[in-house]
Amino acid sequence: MRAIRKMPFRRSAAGVIVTALSLATAACTTGGHGTVHSSPAAAASPQASAKAKPTADAPRVTITPANGAGRVDPGAGITVTAAGGTLTGVTVRTPGDAVSGQLSQGGRVWQSRWALDVAQAYTVTATASGHGGTVTATSSFRTLTPPQTFRTHIFEGYRQTYGVGMPIILTFSQPITDKAAVERSLQLTTSKPVVGAWYWDGSQTLNFRPRDYWPSGTTVSFTGHLNGVRGGPGLYGAHTLTQTFSIGRSLIAIANTAKHRTQIYYNGKLRYSWPISSGRPGDDTPNGSYLTIEKANPVEMKGPGYDLMVPWSVRFTFSGDYYHDAYWSVGEQGFDNVSHGCVNLSPAHAETYYKLAVPGDPITVVGSPRAGTWGNGWTEWFLSWPAYLRGSALHEAVRAGPDGSTFVNPSSLPASTATAPLRTARAGNAAAR
(Lines give C-alpha, C1' and ligand atoms only; values in the text may rest on other atoms or scores of the structure.)
Protein backbone atom coordinates (compact mmCIF):
# COMPACT_ATOMS: atom_id res chain seq x y z
CA MET A 1 0.00 0.00 0.00
CA ARG A 2 1.43 3.33 -0.99
CA ALA A 3 0.91 6.52 0.91
CA ILE A 4 -2.19 8.58 0.15
CA ARG A 5 -1.62 11.44 -2.26
CA LYS A 6 -4.03 14.32 -2.69
CA MET A 7 -5.59 14.60 -6.14
CA PRO A 8 -7.44 17.51 -7.68
CA PHE A 9 -11.22 17.46 -7.63
CA ARG A 10 -13.68 19.30 -9.81
CA ARG A 11 -17.07 20.69 -8.87
CA SER A 12 -19.80 20.05 -11.43
CA ALA A 13 -22.53 22.46 -12.39
CA ALA A 14 -24.79 20.72 -9.87
CA GLY A 15 -22.31 21.53 -7.12
CA VAL A 16 -21.28 17.95 -6.37
CA ILE A 17 -17.76 17.04 -5.38
CA VAL A 18 -16.12 14.46 -7.65
CA THR A 19 -13.38 12.18 -6.39
CA ALA A 20 -11.35 10.23 -8.94
CA LEU A 21 -8.86 7.39 -8.59
CA SER A 22 -6.28 6.18 -11.03
CA LEU A 23 -4.29 3.01 -10.55
CA ALA A 24 -1.02 4.93 -10.84
CA THR A 25 -1.68 6.81 -7.59
CA ALA A 26 -2.67 3.70 -5.62
CA ALA A 27 -5.01 5.94 -3.68
CA CYS A 28 -8.15 8.02 -3.94
CA THR A 29 -8.25 11.42 -2.34
CA THR A 30 -10.13 14.60 -3.01
CA GLY A 31 -8.59 17.99 -2.61
CA GLY A 32 -10.04 20.53 -0.22
CA HIS A 33 -11.19 19.82 3.33
CA GLY A 34 -12.59 16.30 3.64
CA THR A 35 -14.69 15.80 6.76
CA VAL A 36 -15.15 12.18 7.29
CA HIS A 37 -14.37 9.60 9.98
CA SER A 38 -12.05 6.64 10.09
CA SER A 39 -13.82 3.59 11.49
CA PRO A 40 -13.92 0.11 9.95
CA ALA A 41 -16.19 -0.13 6.93
CA ALA A 42 -18.89 -2.76 6.68
CA ALA A 43 -17.96 -5.91 4.78
CA ALA A 44 -19.64 -6.53 1.45
CA SER A 45 -22.57 -8.94 1.52
CA PRO A 46 -25.32 -10.02 -0.89
CA GLN A 47 -27.83 -8.03 1.16
CA ALA A 48 -25.76 -4.84 1.35
CA SER A 49 -23.87 -4.38 -1.88
CA ALA A 50 -24.21 -3.17 -5.44
CA LYS A 51 -22.73 -5.49 -8.08
CA ALA A 52 -22.08 -4.96 -11.75
CA LYS A 53 -23.35 -7.78 -13.97
CA PRO A 54 -20.18 -9.58 -15.04
CA THR A 55 -19.47 -11.02 -18.45
CA ALA A 56 -17.56 -14.26 -18.72
CA ASP A 57 -14.16 -13.91 -17.01
CA ALA A 58 -14.75 -10.18 -16.42
CA PRO A 59 -13.89 -8.66 -13.03
CA ARG A 60 -16.70 -8.36 -10.48
CA VAL A 61 -17.05 -5.04 -8.67
CA THR A 62 -18.87 -4.78 -5.33
CA ILE A 63 -19.75 -1.46 -3.70
CA THR A 64 -20.93 -1.19 -0.11
CA PRO A 65 -23.35 0.47 0.84
CA ALA A 66 -25.76 -1.00 -1.66
CA ASN A 67 -27.47 0.91 -4.40
CA GLY A 68 -30.69 2.42 -3.08
CA ALA A 69 -29.77 2.02 0.59
CA GLY A 70 -31.13 4.59 3.03
CA ARG A 71 -30.36 5.43 6.63
CA VAL A 72 -26.80 4.20 6.10
CA ASP A 73 -24.51 4.35 9.14
CA PRO A 74 -22.01 7.09 8.17
CA GLY A 75 -19.33 5.54 10.35
CA ALA A 76 -19.27 2.43 8.18
CA GLY A 77 -17.83 4.39 5.26
CA ILE A 78 -17.54 3.10 1.69
CA THR A 79 -15.86 -0.14 0.58
CA VAL A 80 -15.23 -1.07 -3.06
CA THR A 81 -13.83 -4.48 -3.98
CA ALA A 82 -12.79 -6.07 -7.26
CA ALA A 83 -12.69 -9.84 -7.83
CA GLY A 84 -10.86 -11.16 -10.87
CA GLY A 85 -9.19 -7.82 -11.55
CA THR A 86 -7.99 -4.57 -10.00
CA LEU A 87 -9.68 -1.25 -9.48
CA THR A 88 -8.73 1.42 -11.99
CA GLY A 89 -11.09 4.18 -10.93
CA VAL A 90 -13.34 5.17 -8.03
CA THR A 91 -15.49 8.30 -8.15
CA VAL A 92 -17.53 9.59 -5.21
CA ARG A 93 -20.08 12.32 -5.92
CA THR A 94 -21.77 14.19 -3.09
CA PRO A 95 -23.02 17.71 -2.40
CA GLY A 96 -21.29 17.45 0.98
CA ASP A 97 -17.69 17.18 2.10
CA ALA A 98 -15.06 15.52 -0.08
CA VAL A 99 -14.28 11.88 0.56
CA SER A 100 -10.76 10.49 0.84
CA GLY A 101 -9.69 6.87 0.80
CA GLN A 102 -7.00 4.46 -0.24
CA LEU A 103 -6.34 1.23 -2.08
CA SER A 104 -5.12 -1.98 -0.48
CA GLN A 105 -4.67 -5.66 -1.27
CA GLY A 106 -2.88 -5.02 -4.52
CA GLY A 107 -5.49 -2.64 -5.88
CA ARG A 108 -8.44 -4.96 -5.24
CA VAL A 109 -9.98 -2.98 -2.32
CA TRP A 110 -10.70 0.72 -1.89
CA GLN A 111 -11.81 2.01 1.53
CA SER A 112 -12.90 5.52 2.50
CA ARG A 113 -10.73 6.85 5.30
CA TRP A 114 -13.14 8.80 7.49
CA ALA A 115 -16.85 8.68 8.31
CA LEU A 116 -19.33 9.98 5.79
CA ASP A 117 -21.44 13.05 6.49
CA VAL A 118 -24.79 12.58 8.19
CA ALA A 119 -28.00 13.12 6.17
CA GLN A 120 -26.13 13.20 2.86
CA ALA A 121 -26.53 11.59 -0.58
CA TYR A 122 -23.63 9.77 -2.26
CA THR A 123 -23.07 8.18 -5.65
CA VAL A 124 -20.08 5.86 -6.04
CA THR A 125 -18.88 4.73 -9.46
CA ALA A 126 -16.09 2.16 -9.63
CA THR A 127 -14.24 0.63 -12.58
CA ALA A 128 -12.11 -2.51 -12.56
CA SER A 129 -10.01 -4.15 -15.26
CA GLY A 130 -8.73 -7.69 -15.69
CA HIS A 131 -7.98 -10.35 -18.28
CA GLY A 132 -11.70 -10.59 -19.01
CA GLY A 133 -12.12 -6.90 -19.76
CA THR A 134 -13.31 -3.79 -17.93
CA VAL A 135 -16.52 -3.36 -15.92
CA THR A 136 -18.14 -0.45 -14.09
CA ALA A 137 -20.55 -0.50 -11.14
CA THR A 138 -22.51 2.31 -9.49
CA SER A 139 -24.19 2.65 -6.10
CA SER A 140 -26.29 5.58 -4.88
CA PHE A 141 -27.32 5.77 -1.23
CA ARG A 142 -28.09 8.17 1.60
CA THR A 143 -26.73 8.33 5.15
CA LEU A 144 -29.00 8.52 8.17
CA THR A 145 -30.33 11.66 9.79
CA PRO A 146 -29.47 11.26 13.49
CA PRO A 147 -31.94 12.10 16.25
CA GLN A 148 -29.18 14.03 18.07
CA THR A 149 -25.94 15.71 17.04
CA PHE A 150 -22.96 17.09 18.92
CA ARG A 151 -20.67 19.98 18.12
CA THR A 152 -17.06 20.49 19.15
CA HIS A 153 -15.14 23.61 20.19
CA ILE A 154 -11.36 24.00 20.18
CA PHE A 155 -9.74 26.48 22.55
CA GLU A 156 -6.85 27.41 20.29
CA GLY A 157 -7.33 30.41 17.98
CA TYR A 158 -6.49 30.60 14.31
CA ARG A 159 -2.79 31.32 13.79
CA GLN A 160 -2.36 32.28 17.44
CA THR A 161 0.86 31.51 19.32
CA TYR A 162 1.05 29.42 22.50
CA GLY A 163 3.67 28.23 24.96
CA VAL A 164 5.53 24.92 24.83
CA GLY A 165 3.26 23.33 27.44
CA MET A 166 -0.06 24.16 25.76
CA PRO A 167 -2.56 21.29 25.43
CA ILE A 168 -5.07 21.11 22.60
CA ILE A 169 -8.39 21.53 24.41
CA LEU A 170 -11.61 20.19 22.87
CA THR A 171 -15.04 20.54 24.47
CA PHE A 172 -18.18 18.73 23.28
CA SER A 173 -21.74 20.02 23.42
CA GLN A 174 -23.02 16.60 24.55
CA PRO A 175 -21.52 13.86 26.76
CA ILE A 176 -19.53 11.38 24.65
CA THR A 177 -19.76 7.67 25.41
CA ASP A 178 -18.11 6.25 22.27
CA LYS A 179 -14.83 7.91 23.12
CA ALA A 180 -12.65 5.62 21.02
CA ALA A 181 -14.55 6.51 17.82
CA VAL A 182 -14.08 10.21 18.52
CA GLU A 183 -10.35 9.79 19.16
CA ARG A 184 -9.89 7.87 15.89
CA SER A 185 -11.40 10.77 13.95
CA LEU A 186 -8.76 13.28 15.12
CA GLN A 187 -5.74 14.13 13.02
CA LEU A 188 -2.69 16.30 13.66
CA THR A 189 -0.08 17.63 11.27
CA THR A 190 2.99 19.18 12.89
CA SER A 191 5.93 20.91 11.25
CA LYS A 192 8.27 19.08 13.66
CA PRO A 193 7.98 15.47 14.91
CA VAL A 194 5.86 15.20 18.06
CA VAL A 195 4.78 12.28 20.25
CA GLY A 196 1.75 12.77 22.47
CA ALA A 197 -1.62 11.38 23.52
CA TRP A 198 -5.28 12.26 23.95
CA TYR A 199 -6.73 12.40 27.46
CA TRP A 200 -10.41 12.38 28.45
CA ASP A 201 -11.17 14.62 31.41
CA GLY A 202 -14.76 13.50 31.91
CA SER A 203 -17.15 12.93 29.00
CA GLN A 204 -17.15 16.42 27.45
CA THR A 205 -13.49 17.48 27.52
CA LEU A 206 -10.69 15.89 25.50
CA ASN A 207 -7.11 17.22 25.59
CA PHE A 208 -3.97 16.44 23.64
CA ARG A 209 -0.60 16.83 25.34
CA PRO A 210 2.84 15.99 24.00
CA ARG A 211 4.88 13.47 25.98
CA ASP A 212 7.39 16.28 26.57
CA TYR A 213 7.05 19.99 25.88
CA TRP A 214 6.35 21.00 22.28
CA PRO A 215 9.42 21.86 20.22
CA SER A 216 9.70 25.64 19.89
CA GLY A 217 8.59 26.95 16.54
CA THR A 218 6.20 24.09 15.75
CA THR A 219 3.19 24.79 13.53
CA VAL A 220 0.23 22.59 14.45
CA SER A 221 -2.73 21.85 12.18
CA PHE A 222 -5.68 20.02 13.70
CA THR A 223 -8.55 18.35 11.87
CA GLY A 224 -11.43 16.67 13.65
CA HIS A 225 -13.20 14.49 11.07
CA LEU A 226 -16.23 14.45 13.34
CA ASN A 227 -19.10 14.65 10.85
CA GLY A 228 -20.70 11.20 10.93
CA VAL A 229 -18.82 9.99 14.01
CA ARG A 230 -21.00 8.17 16.54
CA GLY A 231 -20.56 9.80 19.93
CA GLY A 232 -23.13 7.62 21.66
CA PRO A 233 -26.50 5.93 21.05
CA GLY A 234 -28.32 8.06 18.47
CA LEU A 235 -25.68 10.81 18.79
CA TYR A 236 -23.47 11.80 15.84
CA GLY A 237 -21.07 14.59 15.00
CA ALA A 238 -22.43 17.03 12.44
CA HIS A 239 -19.41 19.09 11.39
CA THR A 240 -15.68 18.99 10.74
CA LEU A 241 -13.42 21.08 12.94
CA THR A 242 -10.11 22.52 11.72
CA GLN A 243 -7.57 24.83 13.30
CA THR A 244 -3.97 25.93 12.80
CA PHE A 245 -1.82 27.51 15.50
CA SER A 246 1.84 27.86 16.46
CA ILE A 247 4.12 27.09 19.37
CA GLY A 248 6.39 30.00 20.15
CA ARG A 249 9.71 30.26 21.96
CA SER A 250 10.25 28.38 25.22
CA LEU A 251 9.50 30.50 28.33
CA ILE A 252 9.64 28.53 31.57
CA ALA A 253 9.27 29.91 35.09
CA ILE A 254 10.33 28.02 38.23
CA ALA A 255 9.15 29.50 41.55
CA ASN A 256 10.76 28.17 44.71
CA THR A 257 8.59 29.22 47.63
CA ALA A 258 11.12 28.05 50.22
CA LYS A 259 14.00 30.01 48.68
CA HIS A 260 11.80 33.02 47.74
CA ARG A 261 13.11 33.19 44.18
CA THR A 262 11.95 32.52 40.64
CA GLN A 263 14.10 31.59 37.67
CA ILE A 264 12.95 32.52 34.16
CA TYR A 265 14.37 30.42 31.33
CA TYR A 266 14.12 31.71 27.77
CA ASN A 267 14.79 29.23 24.94
CA GLY A 268 16.50 26.87 27.37
CA LYS A 269 18.82 29.40 28.99
CA LEU A 270 18.50 31.16 32.32
CA ARG A 271 17.64 34.77 31.59
CA TYR A 272 16.43 36.10 34.96
CA SER A 273 16.59 35.17 38.64
CA TRP A 274 14.29 37.36 40.70
CA PRO A 275 13.28 37.60 44.36
CA ILE A 276 9.65 36.74 45.06
CA SER A 277 7.17 36.53 47.89
CA SER A 278 4.67 33.67 47.61
CA GLY A 279 1.71 32.56 49.73
CA ARG A 280 1.94 33.10 53.46
CA PRO A 281 1.36 30.16 55.84
CA GLY A 282 -2.23 29.05 55.45
CA ASP A 283 -2.41 30.61 51.98
CA ASP A 284 0.58 28.72 50.57
CA THR A 285 1.06 28.81 46.81
CA PRO A 286 0.44 25.16 45.74
CA ASN A 287 3.13 23.02 44.16
CA GLY A 288 2.79 21.79 40.60
CA SER A 289 3.65 22.33 36.95
CA TYR A 290 1.02 24.79 35.73
CA LEU A 291 0.56 26.76 32.53
CA THR A 292 -0.15 30.42 32.02
CA ILE A 293 -3.86 30.84 31.23
CA GLU A 294 -4.40 34.54 30.59
CA LYS A 295 -3.01 37.95 31.44
CA ALA A 296 -4.32 41.46 32.00
CA ASN A 297 -3.03 44.83 33.07
CA PRO A 298 -4.49 45.48 35.54
CA VAL A 299 -6.61 42.78 37.23
CA GLU A 300 -8.99 43.59 40.06
CA MET A 301 -8.16 41.37 43.03
CA LYS A 302 -10.46 41.12 46.03
CA GLY A 303 -10.10 39.37 49.34
CA PRO A 304 -10.50 39.86 53.08
CA GLY A 305 -9.53 43.46 53.70
CA TYR A 306 -8.37 44.34 50.19
CA ASP A 307 -9.71 45.35 46.77
CA LEU A 308 -6.88 46.32 44.42
CA MET A 309 -6.25 46.91 40.74
CA VAL A 310 -3.06 44.90 40.29
CA PRO A 311 -0.77 45.67 37.33
CA TRP A 312 1.09 43.16 35.11
CA SER A 313 -0.87 40.05 36.16
CA VAL A 314 -0.38 36.60 34.56
CA ARG A 315 -2.79 33.92 35.76
CA PHE A 316 -1.87 30.26 36.27
CA THR A 317 -4.73 28.78 38.36
CA PHE A 318 -8.49 29.07 38.00
CA SER A 319 -8.78 29.86 41.70
CA GLY A 320 -6.83 33.08 41.16
CA ASP A 321 -3.07 32.57 41.54
CA TYR A 322 -0.97 34.95 39.44
CA TYR A 323 2.56 36.12 38.80
CA HIS A 324 2.01 39.85 39.33
CA ASP A 325 3.32 43.25 40.31
CA ALA A 326 3.24 43.60 44.10
CA TYR A 327 4.80 46.99 44.73
CA TRP A 328 3.59 46.79 48.33
CA SER A 329 5.69 43.70 49.17
CA VAL A 330 9.02 44.59 47.53
CA GLY A 331 10.67 44.74 50.96
CA GLU A 332 9.64 41.13 51.73
CA GLN A 333 10.46 39.71 48.29
CA GLY A 334 13.42 37.39 48.55
CA PHE A 335 13.01 37.00 52.31
CA ASP A 336 9.45 36.15 53.40
CA ASN A 337 6.17 34.80 52.06
CA VAL A 338 3.38 37.31 52.67
CA SER A 339 0.94 36.99 49.74
CA HIS A 340 -2.54 35.47 49.65
CA GLY A 341 -1.26 32.74 47.30
CA CYS A 342 0.08 34.64 44.31
CA VAL A 343 3.73 35.00 43.32
CA ASN A 344 4.67 38.63 44.10
CA LEU A 345 7.21 40.37 41.89
CA SER A 346 8.63 43.86 41.78
CA PRO A 347 6.95 46.20 39.27
CA ALA A 348 9.85 46.02 36.80
CA HIS A 349 10.14 42.21 37.00
CA ALA A 350 6.37 41.72 36.70
CA GLU A 351 6.25 43.92 33.61
CA THR A 352 9.12 42.03 32.00
CA TYR A 353 7.48 38.64 32.55
CA TYR A 354 4.07 39.92 31.48
CA LYS A 355 5.37 41.13 28.14
CA LEU A 356 6.98 37.74 27.42
CA ALA A 357 4.13 35.45 28.50
CA VAL A 358 1.57 33.77 26.21
CA PRO A 359 -1.00 31.10 27.15
CA GLY A 360 0.63 27.73 27.69
CA ASP A 361 3.97 28.86 29.14
CA PRO A 362 4.97 26.46 31.94
CA ILE A 363 5.11 27.74 35.52
CA THR A 364 6.37 25.23 38.08
CA VAL A 365 5.98 25.90 41.79
CA VAL A 366 8.26 23.95 44.13
CA GLY A 367 9.10 24.00 47.82
CA SER A 368 5.55 24.49 49.12
CA PRO A 369 3.91 22.51 51.93
CA ARG A 370 0.68 22.60 49.94
CA ALA A 371 -0.08 20.13 47.12
CA GLY A 372 -1.54 21.24 43.81
CA THR A 373 -5.12 20.35 42.91
CA TRP A 374 -5.94 18.60 39.65
CA GLY A 375 -8.16 20.79 37.49
CA ASN A 376 -7.22 24.06 39.20
CA GLY A 377 -5.77 25.46 36.00
CA TRP A 378 -4.44 23.62 32.98
CA THR A 379 -2.90 20.85 35.05
CA GLU A 380 -2.17 18.27 32.32
CA TRP A 381 1.50 18.34 33.32
CA PHE A 382 0.67 17.12 36.83
CA LEU A 383 0.40 13.66 35.22
CA SER A 384 3.31 11.44 34.27
CA TRP A 385 3.39 10.13 30.69
CA PRO A 386 2.11 6.64 31.68
CA ALA A 387 -0.72 8.21 33.69
CA TYR A 388 -1.63 10.48 30.79
CA LEU A 389 -1.78 7.52 28.40
CA ARG A 390 -4.32 5.85 30.67
CA GLY A 391 -6.70 8.72 29.92
CA SER A 392 -6.92 7.72 26.25
CA ALA A 393 -9.88 5.57 25.22
CA LEU A 394 -7.58 3.84 22.72
CA HIS A 395 -4.66 3.56 25.19
CA GLU A 396 -2.40 4.49 22.31
CA ALA A 397 0.10 7.26 21.69
CA VAL A 398 -0.02 9.65 18.76
CA ARG A 399 2.99 10.14 16.51
CA ALA A 400 2.63 13.34 14.47
CA GLY A 401 4.73 15.08 11.86
CA PRO A 402 4.58 16.92 8.53
CA ASP A 403 2.75 13.99 6.89
CA GLY A 404 0.01 13.73 9.51
CA SER A 405 -0.51 11.54 12.56
CA THR A 406 -0.93 7.88 13.41
CA PHE A 407 -1.86 5.99 16.54
CA VAL A 408 0.94 3.76 17.80
CA ASN A 409 1.54 1.33 20.61
CA PRO A 410 3.36 3.29 23.34
CA SER A 411 5.77 0.39 23.87
CA SER A 412 7.02 0.87 20.29
CA LEU A 413 8.27 4.38 21.01
CA PRO A 414 11.92 5.06 21.86
CA ALA A 415 12.47 6.26 25.41
CA SER A 416 12.29 9.99 25.99
CA THR A 417 15.58 11.82 26.53
CA ALA A 418 13.92 15.04 27.74
CA THR A 419 14.86 16.30 31.19
CA ALA A 420 12.93 18.45 33.63
CA PRO A 421 12.33 21.32 34.03
CA LEU A 422 13.29 22.77 30.65
CA ARG A 423 12.01 20.12 28.24
CA THR A 424 9.38 18.33 30.30
CA ALA A 425 7.73 18.29 33.73
CA ARG A 426 8.98 16.21 36.63
CA ALA A 427 6.78 13.29 37.65
CA GLY A 428 4.93 13.91 40.91
CA ASN A 429 5.43 17.67 40.66
CA ALA A 430 2.12 18.54 42.37
CA ALA A 431 2.92 16.74 45.62
CA ALA A 432 3.47 18.74 48.80
CA ARG A 433 7.04 19.30 49.89
Side-chain angles (χ1 to χ4, degrees), residues 32-35 97 150-174 176 182-183 185-194 196-202 204-210 212-227 229 237-253 266-267 289-299 312-318 320-324 353-363 375-381 398 400-402 404-405:
H33 299 288
T35 70
D97 293 314
F150 68 86
R151 299 193 70 81
T152 310
H153 172 79
I154 185 169
F155 176 87
E156 279 74 10
Y158 180 64
R159 297 199 180 278
Q160 297 298 300
T161 299
Y162 299 91
V164 297
M166 187 70 199
I168 298 173
I169 303 173
L170 304 179
T171 54
F172 301 94
S173 62
Q174 302 281 351
I176 301 298
V182 169
E183 273 189 57
S185 74
L186 307 179
Q187 187 179 36
L188 294 175
T189 301
T190 58
S191 61
K192 298 181 181 182
V194 172
W198 291 100
Y199 181 93
W200 287 91
D201 188 7
Q204 290 184 252
T205 302
L206 177 60
N207 300 327
F208 176 88
R209 193 205 85 182
D212 306 307
Y213 294 149
W214 294 96
S216 297
T218 302
T219 298
V220 182
S221 294
F222 165 84
T223 303
H225 299 276
L226 293 157
N227 199 336
V229 174
H239 72 127
T240 291
L241 182 64
T242 62
Q243 192 58 282
T244 297
F245 62 93
S246 298
I247 303 299
R249 74 293 166 273
S250 173
L251 179 71
I252 295 173
Y266 188 88
N267 285 336
S289 289
Y290 301 89
L291 300 171
T292 54
I293 302 169
E294 60 184 357
K295 64 182 182 180
N297 178 38
V299 168
W312 310 119
S313 298
V314 181
R315 187 175 197 146
F316 65 92
T317 71
F318 296 145
D321 294 312
Y322 290 77
Y323 264 52
H324 68 72
Y353 181 71
Y354 181 95
K355 290 180 175 178
L356 292 172
V358 297
D361 288 330
I363 291 179
N376 186 16
W378 293 334
T379 52
E380 282 74 16
W381 294 98
V398 176
S405 61

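For reference, positions follow the sequence shown, starting with 1. In this text the structure is predicted, and so the values were computed from the model without any measurement.
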Nearest-0.5 Å distance, CG of residue Leu291 to CD1 of residue Ile363: 8.5 Å

Check against side chain to side chain contact (heavy atoms under 4.5 Å, CB included), Asn207 and Ile168: CA-CA 5 Å; Asn207 300 327; Ile168 298 173; over 6 Å; no

side-chain contact (heavy atoms from CB on, under 4.5 Å) involving Asp212 - partner list, sequence neighbours excluded: Ser416, Ala418, Thr424

Side-chain heavy-atom pair Leu206, Leu186 within 4.5 angstrom cut-off: yes

Donor-acceptor contact present, side-chain Ser405 to main-chain Ala400, <3.5 Å: no

Val220 to Trp214 - nearest heavy-atom pair and separation: CG2-CZ3, 3.6 Å

Ring centres under 6.0 angstrom apart (Tyr322, Trp312): no

Contact check, side chains of Tyr323 and Phe316, non-hydrogen atoms, under 4.5 Å: yes

Nearest atoms (heavy-atom pairs only) where Ser246 meets Thr219: OG-OG1, 4.0 Å

Thr218 vs Thr190, side chain to side chain donor-acceptor pair (under 3.5 Å): CA-CA, chis, key distance, verdict: CA-CA 7 Å; Thr218 302; Thr190 58; over 6 Å; no

Exam field: side chain Lys192 to backbone Gly401, donor-acceptor pair closer than 3.5 Å: no

Short side-chain donor-acceptor distance under 3.5 Å, Thr244 and Ser221: yes

Heavy-atom pair with the smallest gap, counting every atom of Ser191 and Gly217: OG-O, 3.9 Å

Nearest-0.5 Å distance that lies between atom OG1 in Thr171 and atom CZ in Phe150: 12.0 Å

Sole candidate of Leu170, Leu226, Thr152 that passes side chain to side chain contact (heavy atoms under 4.5 Å, CB included) when paired with Val182: Leu226

Tyr354 backbone acceptor or donor facing Lys295 side chain under 3.5 Å: yes

Pairwise distance OG(Ser216) to OH(Tyr266) - rounded to 0.5 angstrom: 9.0 Å

Ser313 versus His324, closest heavy-atom pair with distance: OG-CB, 3.4 Å

Tyr353/Lys355 under side chain to side chain contact (heavy atoms under 4.5 Å, CB included): CA gap, chis, key distance, verdict: CA-CA 5 Å; Tyr353 181 71; Lys355 290 180 175 178; over 6 Å; no

Step-by-step side chain to side chain contact (heavy atoms under 4.5 Å, CB included) determination, Trp200 to Thr205: CA-CA 6 Å; Trp200 287 91; Thr205 302; over 6 Å; no

Aromatic centroids of Phe245 and Tyr162 separated by under 6.0 Å: yes

Close side-chain approach of Ile247 to Thr161, heavy-atom, < 4.5 Å: no

Under 3.5 Å: donor-acceptor pair, side chain of Gln243, backbone of Glu156: yes

Intermediate values then yes/no, ring pair (Phe, Tyr, Trp, His ring centres under 6.0 Å), Tyr213 and Trp381: CA-CA 9 Å; Tyr213 294 149; Trp381 294 98; 4.7 Å; yes

Shortest non-hydrogen contact between Thr189 and Pro402, atoms and distance: CG2-O, 3.3 Å

Euclidean distance, Leu241 CG relative to Phe222 CZ, rounded to 0.5 Å: 5.0 Å

Shortest non-hydrogen contact from Ala357 toward Val314: CB-CG1, 4.1 Å

Gap separating the CE atom of Met166 from the CZ atom of Arg209, nearest 0.5 angstrom: 13.5 Å

Pairwise side-chain contact, Val194 with Pro215, heavy-atom cut-off 4.5 Å (strictly under): yes

Salt bridge (Lys or Arg N to Asp or Glu O under 4.0 Å) partners for Arg249, two or more places apart: Asp361

Carboxylate-amine/guanidinium contact Arg315 Glu294, below 4.0 Å: yes

Check against side chain to side chain contact (heavy atoms under 4.5 Å, CB included), Gln174 and Gln204: CA-CA 7 Å; Gln174 302 281 351; Gln204 290 184 252; 5.6 Å; no

Interatomic spacing from CG in Asp321 to CD1 in Ile293 - rounded to 0.5 Å: 9.5 Å

